[in-house]
Amino acid sequence: MLKKDQYTCRDMRLFQFSVCPITRDDTSELILYSGAMNASLSPTLSAVYAFNRTNELKRPLFGCSVSAGFPSPADDYIEGRLDLNELMVANPGATFFVRVAGDSMLGVGIHHNDILVVDRSLDPISGKVVIAVVNGELTVKRLVKNGESVCLKAENPDYPDIHLAEGITCEIWGVVAYVVHAL
Amino acid sequence: MSALFALLDCNNFYVSCERVFNPELEGQPVVVLSNNDGCIIARSNEAKVLGLRMGEPYFRAKSLINRNRVRVFSSNYALYGDMSRRVMEEVGRLEPEVEVYSIDEAFIRLPAAKEEVLRITGGNIRASVRQHTGIPVSIGFGPTKTLAKIANRMAKKQPEHGGVFIILPESDIDSILKGVEAGEVWGIGSRSSRKLADCGIFTAYDLSRADETWVRKHLSITGLRTMHELQGISCFSLDEVPPPKHSIACSRSFGVLVTELQEMHEATASYVSRAAEKLRAQQLKAGCLTLYLTTNRFRTDQPQYANSRTITLPCPTADTAELIAQSMRCLKELFRSGYAYQKVGVVLCDLIPEHIHHQANLFIAPRRNRDNLHQALDRINHRWGRDTLQYGSAGLVKPWHHKQAMKSPSYTTNWHELPIVQAS
């Protein structure tokens, strides 16, 4: 991999390079200008790109070879594969998976043993299904804020809601973004 | 343009990781033990107040721990490693110039700014890391890395600063340094600090005012740089790309003391296999191998023995079988019967990239190239889990395997150990 200050050229006598300054965000690219170069000696070298390992770009595999046979009519329309992570994990660093124990949230389709995708970067606004810390335990409830009063609602008539008295704070651990349920 | 440094440090990191997934630990004394449950390597503030010390052997602290109902955990590196990655990712999202310094520390370089601005920047980073990962952090700003480290310590020790402490070139640096012991300065070890104390240098302030020639002579060039850094002259820059590794080590204490050569054989082969796997993962090969073994130095009632042996390999290699064979030679020389061993370790050094071809040796028959074999081995173990396929010499039963009696689940890295949320 090329680094901006470690570039070496095997035969520096042929070229005179000036390395242009690189902005902070763009360290992976290195542009070299060939100055006072003998055109008969060498082709003009306009740019050298360093390998950038930060962005992984997956390319679809094309379905047919180039020379033989009739090309697949779909080749021009290939758009890549679908990745569930892309759909369900907006912020990988802040996303955690948790497993549900109990059926107090059946009303919103959260069953016992389901996996929840929890995104801690989302704001816990009223109406969201959240993971709250209740008596030192992680608990899944719907957060309902009504003026000053805060309620952690169960989505199953068999279970009581938890009304938080004024002034009592409750830690919201994260906001549930998706449910993974096996049928 | 002048720049500033910040050091971000996760508060009681291992304990904080346990607390994220086990909120009832909040406010309780918690300690985390080293591999094999040997000694204390992380303490919550409540545990510090009880007088539990860093590095204290578990068996010695046990009565204090039981009396105070301290919660004890075996170290869970799968969890700590994953949480560290998340914290560093979040810091990297907020700041472009970051050097990950250790599992729980990162240096940040920022353009110089006013104190109010830095206080807001620091507060934002703290709040964001806390919200996204659940890990509390402290941040210290300073004109140099060494001063940023000192600022971080102040942020931790004095809660009234709200987790952010700022040292600027115009701050009263001298009075801050007078409150810091010389041995606590970044890069000054305890041995150097004794040497310094003999010469009347007790605080960081004394060190910043010491005689340059003397420091150069007794603490080497690095010591001199540290001295300049304390004066506010930046000498250590930000290493955004981690330097290539100089050595790869693998060692662990045994779960039970080992007396038999056969078991030492197995443990050695097992650690060598792991080290070779790390070596291949980084596309390196090793030119040199060190093996060491030691008895339990805390068991003063038993005979003590510790020794090590370093050999140059005939040809640099990342071949597990070859490395095992060489380590067995070392072990044979080192092993003395009649001792109860606690630990054996292997260090591979003199590392070079695997594609560099070594001059063939005229007197040694070239080894069969087993690159494909090891590629297959690594791929199988990666896919199906560690030690799915291993060399027979590493043993099957592994009675010496280390203890992790009180390990928390791998909450974030194993589908079968996810945190449980109550819906009842």
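Labels below follow one simple rule: chain letters A, B, ... track the order of the sequence lines, proteins then strands, and each chain is numbered from 1.
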For [X], is it the side chain, the backbone, both or neither that has a heavy atom under 4.5 Å from a heavy atom of chain B?
X	answer
A:Leu122	backbone
A:Ile110	neither
A:Tyr159	side chain

Bottom line for B:Met83: the part with an atom under 4.5 Å from chain A's heavy atoms is side chain

Under 4.5 Å to a heavy atom of chain A? For B:Gln131 that would be both

Decide yes or no for A:Val98 and B:Leu418: does some side-chain heavy atom of the first lie under 4.5 Å from some side-chain heavy atom of the second?
no

Quiz item: Tell me, do B:Trp415 and A:Phe97 make a side-chain contact under 4.5 Å, heavy atoms counted?
Solution: yes

Rounding to 0.5 Å, atoms OG (A:Ser121) and CD (B:Glu90) come to a distance of 8.5 Å

Note: vs chain B, highest number of non-hydrogen pairs under 4.5 angstrom among A:Glu171, A:Glu137, A:Glu155, A:Met105 is A:Glu137

Is it true that a side-chain atom of A:Arg99 and a backbone atom of B:Ile420 form a donor plus acceptor pair closer than 3.5 Å? no

Expected output: side-chain A:Trp173 to main-chain B:Val20 donor-acceptor under 3.5 Å: yes

Ordered numerically, the heavy-atom neighbours of chain B under 4.5 Å found in residues 86-96 of chain A are A:Pro92, A:Gly93, A:Ala94, A:Thr95, A:Phe96

Under a 4.5 Å heavy-atom criterion, the part of residues 138-145 of chain A in contact with chain B comprises A:Leu138, A:Thr139, A:Val140

Over 12 foreign heavy atoms within 6.0 Å of [atom1], [X]:
X	atom1	value
B:Asn66	CG	yes
B:Lys407	NZ	yes
A:Asn135	CG	no

Minimal heavy-atom distance between B:Ser424 and A:Ser104, with the atoms involved, is N-OG, 3.7 Å

